[in-house]
Amino acid sequence: MAGGSRLALESIRLLDEGRDLLSGLAREAYVAEPPISLGTVGGHVRHCLDFYRCFLRGLGDGRVDYDARGRDRAVEESPELALVVLEEVCDELERISPEVEDRRLEAVRGTLGAGATDASTVGRELQFLASHTVHHFALIGALLRVQGVDPGPDFGVAPSTLEHRRQLAVR
């Protein structure tokens, strides 16, 4: 996919980390309620996928509303279904071309902004989605570690932090 949007490919790379994690994760760990109110692994996965789905749906009309999420409990409760949705999202992201990154769109502010919109671009929203995914993957990593499940040392770590660690190791 050398010709695709660099920013969309970064999201795909992050989602691939989620795919790798989910492929070997027991359903019990996916739905386990933590001892403090942080949500479940499944809840965070569903939340991230909902945001990507809102973005992809909004590309057509140039208006992205992240509050218009599906919040499908089945995705939250089934790692197998989450993998299916993840594949669908990645397939759609692969079709985003680099030329689209500069295309303007409106991002709905949500309930606090009473539905007002802000000017944005496809590229800016892709950057937001990648950052949002890293944030939730970090929470997923913490939730799993509390359960005694090791997601790997790099899961949920920002790409810039990983690069910084590599540079320190080279010194």
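For the atom pair CG of L9 and CD1 of I96, the computed distance is 9.5 Å after rounding to the nearest 0.5 Å. Rounding to the nearest 0.5 Å places CG of L139 at 4.5 Å from NE2 of H135. Remark: Q167 CD to R165 CZ distance equals 13.0 Å, nearest 0.5 Å. We find the CD1-SG distance between I140 and C48 to be 6.0 Å, quoted to the nearest 0.5 Å. Of the inter-residue distances, the one linking D61 atom CG with E106 atom CD reads 9.0 Å to the nearest 0.5 angstrom. Rounded to the nearest 0.5 Å, atoms CG (D67) and CG (D50) are 11.0 Å apart.
The salt bridge (charged side-chain N to carboxylate O under 4.0 Å, His left out) check on E17 picks up R13, with sequence neighbours excluded. Take F137 and apply the ring pair (Phe, Tyr, Trp, His ring centres under 6.0 Å) test, not counting sequence neighbours, and it matches F155. Remark: A32 engages Q147 in a side-chain contact (heavy atoms from CB on, under 4.5 Å) (not counting sequence neighbours). For Q127, the side-chain contact (heavy atoms from CB on, under 4.5 Å) test picks out L7, R124, with sequence neighbours left out. With sequence neighbours excluded, the residues forming a side-chain contact (heavy atoms from CB on, under 4.5 Å) with V89 are L15, L49, Y52, R53, L56, V85, L93, listed by chain and number. Residues that satisfy the side-chain contact (heavy atoms from CB on, under 4.5 Å) test with A142, not counting sequence neighbours, are absent from this structure. Every residue was checked against the salt bridge (charged side-chain N to carboxylate O under 4.0 Å, His left out) condition with R103, not counting sequence neighbours, and none meets it.
Through direct or relayed side-chain contacts under 4.5 Å between Ile, Leu, Val, Met, Phe, Trp and Tyr, V108 connects to no other residue. When hydrophobic residues (I, L, V, M, F, W, Y) are linked wherever their side-chain heavy atoms come within less than 4.5 Å, the members clustered with V157 are L162.
Between L25 and P79, every side-chain heavy-atom pair lies at or beyond the 4.5 Å cut-off. A 4.5 Å side-chain heavy-atom check between P98 and R6 finds every atom pair outside the cut-off. Put simply, the side chain of L14 does not reach to within 4.5 Å of the side chain of L129, judged on heavy atoms.
For residues 55-87, the set of pairs meeting the ring-ring contact (aromatic ring centres under 6.0 Å, His included) definition, not counting sequence neighbours, comprises F51-Y66, Y66-F128. Residue pairs satisfying the side-chain hydrogen bond (donor to acceptor under 3.5 Å, both in side chains) criterion with at least one member in residues 78-91, sequence neighbours excluded, are listed as follows: R19-E87, S78-E80. Listed by first and then second residue, the ring-ring contact (aromatic ring centres under 6.0 Å, His included) pairs that reach into residues 22-46 are H44-H136, sequence neighbours excluded.
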Applying side chain to side chain contact (heavy atoms under 4.5 Å, CB included), run through S5 and V100 and close with a yes or a no.
-> CA-CA 8 Å; S5 157; V100 174; over 6 Å; no
inquiry  = Could you go through E76 and R73, starting from their C-alpha distance and side-chain angles, then the distance that decides it, and tell me whether this counts as salt bridge (Lys or Arg N to Asp or Glu O under 4.0 Å)?
reply    = CA-CA 5 Å; E76 215 168 300; R73 285 232 8 120; 3.1 Å; yes
Between C54 and R69, does a side chain to side chain contact (heavy atoms under 4.5 Å, CB included) hold up when you go through it step by step?
-> CA-CA 6 Å; C54 288; R69 299 189 300 276; 3.8 Å; yes
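Around CZ of R104, the count of heavy atoms belonging to other residues, nucleotides or ligands within 6.0 Å does not exceed 12.
Salt bridge present: R109 and D118 bring a charged side-chain N and a carboxylate O closer than 4.0 Å.
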